[in-house]
Protein chains: 2
Amino acid sequence: MSNDFRNLRKVKLFTELPTTALQLMYDSARPVQMEAGCFFFHQNERAEMMYVLLDGQVKMTLLGPEGRQVLIRIVAPCEDFGAVSAIVGSDYPLTAEAVTRCRTLAWEQKDIMRIIDSYPMLRETAFQIAVKRFRQLQKRFRELATESAEQRIARALLRLSNQAGLPKTEGMLIDLALSRGDLAEMTGTSLYTVSRTLSQWERDGLLKNGRGKVLIRDCAQLITLATPPENPPFN
Amino acid sequence: MSNDFRNLRKVKLFTELPTTALQLMYDSARPVQMEAGCFFFHQNERAEMMYVLLDGQVKMTLLGPEGRQVLIRIVAPCEDFGAVSAIVGSDYPLTAEAVTRCRTLAWEQKDIMRIIDSYPMLRETAFQIAVKRFRQLQKRFRELATESAEQRIARALLRLSNQAGLPKTEGMLIDLALSRGDLAEMTGTSLYTVSRTLSQWERDGLLKNGRGKVLIRDCAQLITLATPPENPPFN
DNA sequence: CGGTGGATTGAGCTCAATCAAGCAGCGTGG
DNA sequence: CCACGCTGCTTGATTGAGCTCAATCCACCG
């Protein structure tokens, strides 16, 4: 339906594209659905497809040799995933798993390459997106190395709220289907620590917990928790 | 001197460039020297220059708001730094500090842009390099989140040995001017933990410590330490 | 030689992982 | 409709890895 087409405009990868090119993309796309718990691709597989998420939630994880994994990224609707790998022509570095039922548009690598030949700016935009994500990861790396579990959890909530928060009368609702375990994998802590911390914050009245969701009441307070004592916020 | 020119060939960013383009790069380069402890640039500054390290060592760090920093990358001779930022036209995300006295070649951003217009593959190579570093960081992120300090230190040594190790009769010598503190900032531990761990390993005979250097005697053993204990769940 | 800054080592302590129950929301089937 | 079970969440108790502080020690410099 043309609603999907309109959503393509919101995809950062495509914002610079002229309408004709966008139409071309749309025409060569293939709709792909995925049930919750299924995988779009696994890490180290050849990157043959790129995806744009229309509806649902996807989590991208990196699995270690001994089984423990980390959650590198959550994909929200109107975001691309697997695109950088497909464009640069390498393997997927991460595993992409549907957290809920998902609707996506998918492109074969060769089709993308053909379109890129006509619209090289697509590759350039992909470059910029990759660099941006790279930098976010650098920041998270520093946080993981130097900050306390509590600070990291606070930051994770703020990021999620920023990325996919729904404004409600009582505050910001994060309604991704995120378990405590997922939150732990994002922040490099344990599920128990996440649970304890969130419970404490609920007792302090600065948020409300639900199963797989969090309602942030006092965002400002959360920011002060995320930033180490002293020093003004931001970054 | 033309020795420098020959070294440009070894720079991954330039390997795909035809000789004429390389000559063009060389001609528009400006030699820049830096004393130990001085800074090429600081994070969040506008990226106006890109560099290639000819001689010496550079460390790239990310500083947090409260002062603690992490060491993201060590630059060895014939590697570029600041290039991705300059090409993509953003700020430097990291601070680049000369660990030893350094000789570099430097380019102004506008000159690079001009050359890229003639040789677009330069941008493409930069893209691939950025993606590759991105992935390395993802791996380190997972390690930091899930593995023990000992494992991370072992891995850091292996990476350094791989990047800048000098083969000796007695083993691999890592002779970067790396303090224990630097190693700690690479691995997200404290200088004390690094010292203790290396001392223990020296007692075990699998390496030899020196001031700002390490001689790896038993590389295989180090690899088994870096990989988590084999747990065969067969009973 | 003495000084300076890195490196080592010990002691104590803290944060957060782990283990172990128990609880609560939700879907399912009887 | 309720009982049940599944799964995710909470919470207490315990433990230990690794941080911190502090006191040397030692290599290399002038």
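When reading the values below, keep in mind they use all heavy atoms of this one structure, side chains included, and skip hydrogens, waters and symmetry mates. So you know, we letter chains A, B, ... as the sequences are listed, proteins then strands, and number each from 1. Quantities reported herein were computed from a predicted structural model and do not represent experimental measurements.
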Could you check whether any side-chain N or O of A:S199 sits under 3.5 Å from a backbone N or O of A:S195, counting only pairs where one atom can act as donor and the other as acceptor?
yes
If we ignore hydrogens and angles and just use 3.5 Å, is the side chain of A:D80 paired with the main-chain N or O of A:L13 as donor and acceptor?
no
Give a yes or no on whether a salt bridge exists between B:E185 and B:R68, defined as a side-chain N under 4.0 angstrom from a carboxylate O.
no
May I ask you to decide whether A:E143 forms a salt bridge with A:R159, counting only side-chain N to carboxylate O separations under 4.0 Å?
yes
Between C1' of C:dA16 and CD of A:E147, the distance in whole Å
16 Å
Within the 3.5 Å criterion, strictly below it, is a donor on A:T197 or A:R152 matched to an acceptor on the partner's side chain?
no
Looking for any heavy atom pair under 4.0 Å, which part of the strands does B:G212 touch: base, sugar-phosphate only, or nothing?
sugar-phosphate
Please work out if A:S179 contacts a base, only the sugar-phosphate, or nothing of the nucleic acid, heavy-atom cut-off 4.0 Å.
sugar-phosphate
Please enumerate all protein N or O atoms sitting under 3.5 Å from an N or O of nucleotides 8-12 of chain C, with distances to 0.1 Å.
unit_1 : atom_1 : unit_2 : atom_2 : d
C:dT8  : OP1    : B:R180 : NH1    : 3.4
C:dT8  : OP2    : B:R180 : NH1    : 2.7
C:dT8  : OP2    : B:S195 : OG     : 2.7
C:dT8  : O5'    : B:S195 : OG     : 3.2
C:dT9  : OP2    : B:S199 : OG     : 3.0
C:dT9  : OP2    : B:R203 : NH2    : 3.2
C:dG10 : N7     : B:R196 : NH1    : 3.0
C:dG10 : O6     : B:R196 : NH2    : 3.0
C:dA11 : N6     : B:R196 : NH2    : 3.3

Below 4.0 angstrom from OP1 or OP2 of D:dC29, is there any side-chain N or O of B:R211?
no
Any chance the side chains of A:E150 and A:Q200 put a donor and an acceptor closer than 3.5 Å?
no
So A:G188, base contact, sugar-phosphate only, or nothing? Heavy-atom distance under 4.0 Å.
sugar-phosphate
Protein-nucleotide distance (A:L183, atom CG; D:dC9, atom P), rounded to Å
9 Å
A:K208 NZ to C:dA24 C1', straight-line distance once rounded to whole Å
12 Å
Taking the nucleotide of DNA chain C with the nearest heavy atom to each, does A:R152 or A:K213 sit closer to the 5' end?
A:R152
